[in-house]
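Excluded from the calculations below are hydrogen atoms, water molecules and symmetry mates; all remaining heavy atoms, backbone and side chain alike, are included. Just follow the structure's listing: the first ligand is 1, and inside any ligand the first atom is 1.
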Amino acid sequence: MATVFSGVQPSGDFHLGNYLGAFRNWVAAQGDNEAYFCVVDLHALTLDIDPEELRRRTIDSAVILLAVGLDPEVVTLFVQSHVAEHTRLAWLLECTATMGELSRMTQYKEKAARGEMVRVGLFTYPALMAADILLYQVDEVPVGDDQRQHLELTRDVAIRFNNRYGPTFTVPRATVPKLGARVMDLQHPERKMSKSVDSPMGTVGILDDPGEVQRKVMRAVTDAETTVAYDPERKPGVSNLLELLAVATGVGVEQAAGTYRGYGQLKRDVADAVVALLSPIRERALELGSDLGEVERILSVGAARAREAAAPTYAAAARAIGLTSP
Ligand code: TRP
């Protein structure tokens, strides 16, 4: 059994791209692996966020992860700040990584370019992420392309620590999702569906009600032609719809393309397929949302289990680097 770890920022209002690109794979992987999934609330502090909002989003994120099908009996689902070893190990790793390495991180450079006041935590973010992973002696980290560079850094830091202080961490590798799906914005099909750009009509929320899903898919941008064909370069809108249909129903894109003569019917089928995919998730989320005590209980069991795995790794790292214990 491989040990798998992944983390997600507590944005709370996840979209179809998060589900098809990430969460669905987490659910698929849960039985065959020792899996840890973490809502990384500490990472959310690197940009300005209202405290009430952070609290709400953290719990909402857990609700969605449970609603999409993560089974808390099988995986360890927890909140990053509930396990103190994350910040403790992050310091040791900040003292292992270099300014040069962290300065090269493109996510830092992009985010730093957007705000005039850059927090130190935004810069050291990848050291905390490395701690998240290395604490659990992880083999595999399923992440999207945007996180590959952070994972490379995690590997470099783990190798350097092991060489300097003795074997302490498993060196993890990034895995490409088996059910890889790149879901594009319905209004701007040349770019990924993303929470960081404001495109309410282009983004299908996991918890959107069926009417909203229908409306957004029916208004999706296509092109001035009429033939349904899969050609992401030339026909990004139509190709995105075909891809959505393919992932939602399991048929291939080319095969799906062959069965349509117009955009209207394609959109209707995509809308129905997405509604069918999301409806059970939405129902389960509404149920969980009415019993947040139960969600909190699940998270506290998760934190206890995570702590049990993280504590020995932290202790070994602290000992290796020369810290004494009381
Ligand atoms: N940085 C990741 C993101 O923004 C979230 C994250 C934090 C993460 N810690 C992690 C992902 C550990 C994988 C493993 O998406």
Side-chain angles (χ1 to χ4, degrees), residues 2-15 17-23 25-26 29-30 33-47 49 54 57-58 61-62 64-65 70 75-83 85-90 93-94 97 101-102 105-112 114 119 121-158 169-177 182-183 192-197 302-303 306 309-310 313:
T3 300
V4 173
F5 184 103
S6 202
V8 66
Q9 296 237 16
S11 86
D13 50 353
F14 295 116
H15 55 70
N18 298 123
Y19 177 56
L20 293 174
F23 304 159
N25 283 286
W26 297 5
Q30 64 183 341
N33 300 288
E34 166 94 29
Y36 294 87
F37 295 114
C38 183
V39 179
V40 295
D41 56 346
L42 296 169
H43 277 112
L45 298 176
T46 57
L47 297 175
I49 183 163
L54 177 58
R57 288 189 187 183
T58 300
S61 299
I64 291 198
L65 292 176
L70 286 184
V75 306
T76 301
L77 174 66
F78 69 106
V79 175
Q80 187 183 30
S81 67
H82 296 182
V83 181
E85 281 75 9
H86 288 248
T87 38
R88 299 182 79 192
L89 183 62
L93 300 180
E94 280 172 37
E101 276 173 327
L102 294 180
M105 295 294 113
T106 48
Q107 192 172 52
Y108 162 72
K109 287 195 276 191
E110 278 167 15
K111 286 191 177 173
R114 267 186 250 148
R119 290 155 203 237
L122 187 64
F123 183 69
T124 59
Y125 177 118
L128 179 59
M129 176 163 163
D132 297 342
I133 297 165
L134 298 181
L135 276 175
Y136 300 93
Q137 307 293 358
V138 166
D139 303 297
E140 295 176 6
V141 185
V143 283
D145 282 340
D146 63 329
Q147 295 300 316
R148 299 218 160 230
Q149 199 188 22
H150 288 159
L151 209 72
E152 266 316 302
L153 178 82
T154 302
R155 291 168 54 86
D156 291 345
V157 166
F169 302 120
T170 304
V171 180
R173 61 178 181 277
T175 53
V176 188
R182 247 167 85 79
V183 179
K192 259 174 59 168
M193 196 177 278
S194 162
K195 126 130 212 120
S196 48
V197 289
T313 307

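Of all atoms in ligand 1, listed by their number and element, those nearer than 4.0 Å to a heavy atom of Val141 are 13 (C), 14 (C). Heavy-atom proximity to Phe5, at under 4.0 Å, picks out these atoms of ligand 1: 12 (C), 14 (C). For ligand 1, the atoms sitting less than 4.0 Å from at least one non-hydrogen atom of Val40 are 7 (C), 9 (N), numbered in the order shown with element in parentheses. Within ligand 1, the atoms closer than 4.0 Å to a non-hydrogen atom of Val143 are 13 (C), numbered from 1 in the order shown. Close approach to Gln9 involves these atoms of ligand 1, each under 4.0 Å from a residue heavy atom: 4 (O). Below 4.0 Å from some heavy atom of Ile133 lie the following atoms of ligand 1, by number and element: 12 (C), 14 (C).
Without hydrogens or angle criteria, Thr76 side chain to Ala306 main chain gives no donor-acceptor distance under 3.5 Å. A donor-acceptor contact shorter than 3.5 Å is absent between the side chain of Arg182 and the backbone of Gly21.
Nearest protein heavy-atom neighbour of atom 4 (O) of ligand 1: Tyr125 OH, 3.0 Å. For atom 5 (C) of ligand 1, the closest non-hydrogen atom on the protein side is Gly7 O, 3.7 Å.
Here Gln147 has side-chain heavy atoms under 4.0 Å from ligand 1, and that is the only part of it that gets that close. The proximity of Leu128 to ligand 1, defined as any non-hydrogen pair under 4.0 Å, does not occur for either the backbone or the side chain. Contacts between Asp146 and ligand 1 below 4.0 angstrom, taking non-hydrogen atoms only, are absent altogether.
Taking the six-membered ring where the residue is Trp, His43 and Tyr125 present tilted rings, their angle falling between 30° and 60°.
When ring centroids are compared, Tyr108 and His150 stay outside the 6.0 Å threshold.
Taking any N or O of Asp132, backbone or side chain, at least one lies under 3.5 Å from an N or O belonging to ligand 1. For ligand 1, none of its N or O atoms has an N or O atom of Ser6 under 3.5 Å away.
Note: Cys38 SG to Met129 CE = 11.0 Å, rounded to the nearest 0.5 Å. Remark: Asp156 CG to Leu151 CG distance equals 10.0 Å, nearest 0.5 Å.
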Q) Would Tyr136 and Thr313 count as a side chain to side chain contact (heavy atoms under 4.5 Å, CB included) if you check the C-alpha gap in whole Å, the side-chain angles of each, and the deciding distance to 0.1 Å? A) CA-CA 7 Å; Tyr136 300 93; Thr313 307; over 6 Å; no
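Nearest approach of Ala90 to Ala131, heavy atoms of both residues: N-CB, 3.6 Å.
Residue Phe37 is tested with Phe23, Phe78, Trp26 for a ring pair (Phe, Tyr, Trp, His ring centres under 6.0 Å); the sole match is Trp26.
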